[in-house]
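Step one of this worksheet: look at the structure below.
For ligands, and for the atoms within them, numbers begin at 1 and follow the listed sequence. Only this structure's heavy atoms are used, side chains among them; waters, hydrogens and symmetry mates stay out.
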Amino acid sequence: MAIERTLAMIKPDAVEKNAIGGIIKMMEDSGLKVVVAKMRRLTPKQAEGFYGVHRERPFFSDLCGFMTSGPIMALVLEGEDAIATYRGLMGPTDSAKAPKDTIRGVYGSSIERNAVHGSDATDTAAFEISYHFSEAELNGLLA
Ligand code: CMP
């Protein structure tokens with residue numbers, strides 16, 4: 001297994017319900033390390049760019065509306081097999097189907113209001129990390 005980095009977002013529904021700390025605790029308890037993190041409010045253009053692969057999907061407009069409805073926290077997580085590890089920890093996209101030991105099972109409430117996002121592959125992780133964090137932000141912490 002390789003040490004990987006993945007991009008996580010704590011979505012507006014979870015920020016609204018004061019779940020940032022609980023979610024980061026679940027991330028850390030699973031062995032993942034928070035490399036860098038920041039709160040931000042996405043503009044419509046930023047949300048549409050981030051979720052560009054879903055542009056043709058019927059839920060795209062609702063998804064972008066939801067993701068701009070309040071602040072989010074973007075985080076880079078690092079660890080062995082981080083992409084798969086974190087996807088397992090998040091649980092399935094639909095919170096209603098998520099086991100109670102997953103982040104979405106604990107903090108999500110629907111397929112849209114599903115508390116967190118995580119990259120699904122190494123190429124998307126690279127794109128999504130660079131979408132939220134500059135080289136300076138990433139490298140400044142490596143010195
Ligand atoms: P996320 O992991 O952030 O990636 C894309 C998001 O689209 C997904 O979580 C859900 O929040 C949302 N999504 C996926 N499928 C649907 C759907 N059928 N209806 C509404 N939202 C969806």
Side-chain angles (χ1 to χ4, degrees), residues 1-139 141:
M1 281 195 291
I3 299 293
E4 289 176 336
R5 288 184 172 188
T6 190
L7 187 280
M9 288 192 292
I10 300 177
K11 298 187 179 187
D13 58 324
V15 173
E16 167 70 23
K17 60 170 75 151
N18 263 3
I20 293 174
I23 289 173
I24 291 178
K25 174 145 178 52
M26 289 179 77
M27 291 168 171
E28 292 183 333
D29 286 350
S30 78
L32 293 164
K33 209 166 188 58
V34 178
V35 175
V36 60
K38 67 178 165 195
M39 299 291 299
R40 61 186 314 201
R41 179 86 182 250
L42 296 176
T43 65
K45 268 196 181 352
Q46 286 169 336
E48 288 162 16
F50 184 87
Y51 281 115
V53 291
H54 297 303
R55 193 170 293 278
E56 304 304 325
R57 308 286 283 275
F59 57 81
F60 181 70
S61 163
D62 281 352
L63 170 63
C64 292
F66 166 58
M67 290 300 294
T68 56
S69 67
I72 59 121
M73 176 173 268
L75 311 93
V76 176
L77 304 177
E78 185 176 85
E80 281 204 2
D81 231 0
I83 295 169
T85 299
Y86 178 55
R87 287 186 71 78
L89 178 65
M90 286 194 298
T93 306
D94 186 351
S95 305
K97 297 181 180 146
K100 282 297 168 199
D101 60 348
T102 64
I103 295 174
R104 286 167 171 161
V106 176
Y107 294 109
S109 43
S110 68
I111 196 164
E112 179 177 273
R113 301 173 69 83
N114 62 354
V116 283
H117 168 83
S119 311
D120 63 2
T122 46
D123 55 342
T124 46
F127 166 75
E128 292 179 357
I129 288 170
S130 70
Y131 204 87
H132 283 289
F133 296 100
S134 67
E135 280 300 314
E137 286 173 305
L138 292 166
N139 294 334
L141 294 166

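Side chains of Phe50 and Leu63 form no contact here, defined as non-hydrogen atoms less than 4.5 Å apart. Proximity of Ile72 to Pro12: side-chain heavy atoms (C-beta onward) are separated by under 4.5 Å at one or more points. Counting only heavy atoms from C-beta outward, the side chains of Leu77 and Val34 approach each other to under 4.5 Å.
Minimum heavy-atom separation, Ser95 to Arg104: CB-O, 3.7 Å. Considering all non-hydrogen atoms of both residues, Met9 and Leu7 come closest at CG-CD1, 3.9 Å.
Looking only at heavy atoms of the protein, atom 13 (N) of ligand 1 is closest to Phe59 CE1, 3.6 Å. Of the protein's non-hydrogen atoms, Thr93 CG2, 3.7 Å is the one closest to atom 8 (C) of ligand 1. Protein heavy atom in closest approach to atom 4 (O) of ligand 1: Tyr51 CE2, 3.6 Å.
Residue contacts with ligand 1 include Arg104, since one of its heavy atoms falls under 4.0 Å from the ligand.
Atoms of ligand 1 found under 4.0 Å from any heavy atom of Asn114, numbered from 1 in the order shown, are 8 (C), 9 (O), 10 (C), 11 (O). The Glu112 neighbourhood of ligand 1 comprises atoms 11 (O), with distances under 4.0 Å to a heavy atom of that residue.
Below 3.5 Å of separation, one finds an N or O of Ile111 facing an N or O of ligand 1.
Taking the centre and axis of the six-membered ring of Phe66, the NZ or CZ atom of Lys11 falls outside the cone set by 45° and 6.0 Å.
By the criterion of a heavy-atom distance under 4.0 Å, the side chain of His54, and not its backbone, is placed next to ligand 1. Of all the heavy atoms of Lys11, the ones lying under 4.0 Å from any atom of ligand 1 belong exclusively to the side chain.
Proximity of a side-chain donor or acceptor of Arg55 to a complementary backbone N or O of Phe60 within less than 3.5 Å is not detected.
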